[in-house]
Amino acid sequence: MGFLSLLMVASMPVVQVLLIGLLGAFLATKNINVLTPTALKDINKVVYMVFTPSLVFFSFAKSITLQGIISWWFMPVNIGIIFLLGSVLGWVIVKVLRPGRHLEGLIIANCSAGNLGNLMLILIPAICAEDENPFGKIDVCRENGITYVSLSMALGGIFIWTHTYSLMQKDGILREKMMLNYADHEAYQIQTVPLLPEENVSENKQHFMEKLKPTLHRIVEELMTPPIVAVIVGFIVGVIPWIKSLIFGLNAPLRVLQDSLKLLGDGLLPCIILILGGNLTRGLHKSEIKTPVIVAIICMRYIVLPIAGIGVVRAVKGLGLLPSDTLFAYVLLVQYTLPPGMSIGTMAQLFNAGQEECSVIFLWTYLVAALAVTGWSSVFMWILT
């Protein structure tokens, strides 16, 4: 598969995102005024409560099996490594460039949470459709690729709606406090609150269980978000064959549920991109994000993480811990090279946590993604073949 062909394949999903984003920006202009701030907020609630759980449940319940959990055990580990490395790199950016406390979670989220489903759902089948692809027969490659990507999307949802959700929620709380009319002393205290609050002397004297209650409450609250509930239910359905056969398959009695979930899930991506485009019109004028921060995020996502990914995957493959299918290793490598996940924009809108800054970051990271994903995809294929 030549570089130009790969460039067309890799850039296609990115161009789609940019085109729909531009439409969202156009609909949010003062002359058109369709995507008003109120409309954006209402659409985002529908995305959070309906579209995201539908897509997560559909992809997880359909792709997960007990055999798959055993064979593909390294994929959740790989995604965990990506989130860990990305969080550390984001933390370094925050400490060096000091963008503001209320933007720390957003920056760490954009460094750690990649678009682990939607882009690969276009990229991987498109590569398999090429006669010169290095992964075998077209139909077998495509079927395996969609299975791997569906699992990647579902597992990514777990990490995004726990780790990233927590970061964005804290940003939203900080921003809300900073907007209140506090006294000078209180305002100063708010600006110096870290992402992980430190305990004071009085807190140290509290009973252990009393200190544990807020933490447990927050964990339960995060686990009860609609996307995570969808993951849990999807996992149960996926690993119990007789329940799965009722919903999924050509002859499933309740196949209408499968089709309905897919129909709702398909509405997720265009709605998120329209929201991001609508916020972009304000973000270009009101964004507090600085150019060095954007450059640092791009370098971390498209230089440092892919290099680290090559080291991790080659080491694991060398130890014989991966399945023999080369496409599986390729999907693992691509996971290190993706632009930030679209769900970050949903959370930014949900918690009023840097929607404008998030839109600006997305604009530049997705523009660079066309070349970055193409270049690294060529490198990964060369390494694996």
Any side-chain heavy atom of Glu357 within less than 4.5 Å of one from Leu106? yes
Within-4.5 Å side-chain heavy-atom neighbours: Thr164 and Met347: yes
Does Leu35 share a hydrophobic cluster with Leu22, counting links as ILVMFWY side-chain heavy atoms below 4.5 Å and allowing steps through other members? no
Of Ile289, Asn110, Thr365, Val368, which meets side-chain contact (heavy atoms from CB on, under 4.5 Å) against Ile294? Ile289
On a heavy-atom basis, which atom in Ile344 and which in Pro340 lie closest, and how many Å separate them? CD1-CB, 4.1 Å
Closer than 3.5 angstrom, by distance alone: can the side chain of Lys244 be matched with the main-chain N or O of Lys62 as a donor-acceptor pair? yes
How close do Trp72 and Leu151 get, heavy atom to heavy atom, and via which atoms? CE3-CD2, 3.4 Å
With a 4.5 Å limit on heavy-atom distance, are the side chains of Val293 and Leu103 in contact? no
Examine distances only and state if a side-chain atom of Ser152 and a backbone atom of Tyr148 form a donor-acceptor pair shorter than 3.5 Å. no
Would you say the side-chain atoms of Gln355 and Asn352 include a donor-acceptor pair closer than 3.5 Å? yes
Measuring only between side-chain heavy atoms, which start at C-beta, is Leu274 closer than 4.5 Å to Ile20? yes
Are any side-chain N or O atoms of Thr36 and backbone N or O atoms of Ala39, one a donor and one an acceptor, separated by less than 3.5 Å? yes
Residue pair Ser245 / Pro253: nearest heavy atoms and the distance that separates them: O-CD, 3.8 Å
What distance do Ser343 atom OG and Leu116 atom CG have between them, rounded to the nearest 0.5 Å? 9.5 Å
Kindly say whether the aromatic ring centers of Phe351 and Tyr165 come within a distance under 6.0 Å. yes
The test is side-chain contact (heavy atoms from CB on, under 4.5 Å); show your working for Trp73 and Leu321 and say whether it passes. CA-CA 9 Å; Trp73 67 271; Leu321 299 177; 3.8 Å; yes
To the nearest 0.5 Å, atom CZ of Phe328 lies from atom NZ of Lys317 at 10.5 Å
Flag side-chain contact, heavy atom, 4.5 Å: Leu23 against Leu27: yes
Leu55 and Met49: same hydrophobic cluster, using ILVMFWY side-chain contacts below 4.5 Å? yes
Are Leu167 and Ile173 linked, directly or through intermediate hydrophobic residues, by side-chain heavy-atom contacts shorter than 4.5 Å (ILVMFWY only)? no
When the ring planes of Tyr330 and Phe135 are compared, do they come out parallel, tilted or perpendicular, using 30° and 60° as the limits? tilted
Within the 4.5 Å heavy-atom criterion, are Met75 and Gln335 side-chain neighbours or not? yes
Please check if the side chain of Thr162 supplies one atom and the backbone of Phe159 the other of a donor-acceptor pair under 3.5 Å. yes
Quick one, Tyr366 with Asn115, criterion side-chain contact (heavy atoms from CB on, under 4.5 Å). Give me CA distance, side-chain angles, the key distance, then yes/no. CA-CA 10 Å; Tyr366 274 80; Asn115 192 328; 3.0 Å; yes
Using a 3.5 Å distance criterion without hydrogens, assess whether the side chain of Glu104 forms a donor-acceptor pair with backbone atoms of Val94. no
If every non-hydrogen atom of Gly86 is compared with every non-hydrogen atom of Leu305, which pair is closest and at what distance? N-CD2, 4.2 Å
Side-chain donor or acceptor of Ser166 paired with backbone N/O of His163 under 3.5 Å: no
Would a hydrophobic clustering, with Ile, Leu, Val, Met, Phe, Trp and Tyr connected at side-chain separations under 4.5 Å, put Ile81 with Val88? no
Trp91 and Val96: side-chain contact (heavy atoms from CB on, under 4.5 Å), yes or no, with the steps? CA-CA 9 Å; Trp91 179 83; Val96 173; over 6 Å; no
Straight-line distance of Ile124 CD1 to Asn144 CG, nearest 0.5 Å: 11.5 Å
How many angstroms lie between atom OG1 of Thr326 and atom CE of Met381, to the nearest 0.5 angstrom? 11.5 Å
State whether the side chain of Thr52 and the backbone N or O of Val47 hold a donor-acceptor pair below 3.5 Å, judged by distance alone. yes
If every non-hydrogen atom of Gly267 is compared with every non-hydrogen atom of Phe51, which pair is closest and at what distance? O-CD1, 3.7 Å
Heavy atoms, side chains only, cut-off 4.5 Å: are Leu327 and Cys141 in contact? yes
Contact between Trp376 and Ile307 at the side-chain level, heavy atoms closer than 4.5 Å - yes or no? yes
How long is the span from the CE atom in Met300 to the CG atom in Leu89, to the nearest 0.5 Å? 5.0 Å
Verify, without hydrogens or angle tests, whether Arg301 (side chain) and Cys111 (backbone) share a donor-acceptor contact under 3.5 angstrom. yes
Below 4.0 angstrom, N of the basic side chain to O of the carboxylate: do Asp171 and Arg175 qualify? no
Does the Asn78 side chain pair with the main chain of Leu332, one donor and one acceptor, at a distance under 3.5 Å? yes
For Ser54 versus Gly265, what's the shortest heavy-atom pair and its separation? CB-N, 3.9 Å
Say you draw a straight line from CD1 of Ile273 to CG of Leu268; how long is it, rounded to the nearest 0.5 Å? 9.0 Å
Hydrophobic clusters here meaning ILVMFWY residues chained together by side-chain heavy-atom distances under 4.5 Å, can you tell me if Leu319 and Val313 are in one? yes
Look only at the side chain of Ser378 and the backbone of Thr374, and say whether a donor-acceptor pair between them is shorter than 3.5 Å. yes
side-chain contact (heavy atoms from CB on, under 4.5 Å) between Phe248 and Leu257, intermediate numbers included: CA-CA 8 Å; Phe248 297 97; Leu257 290 178; over 6 Å; no
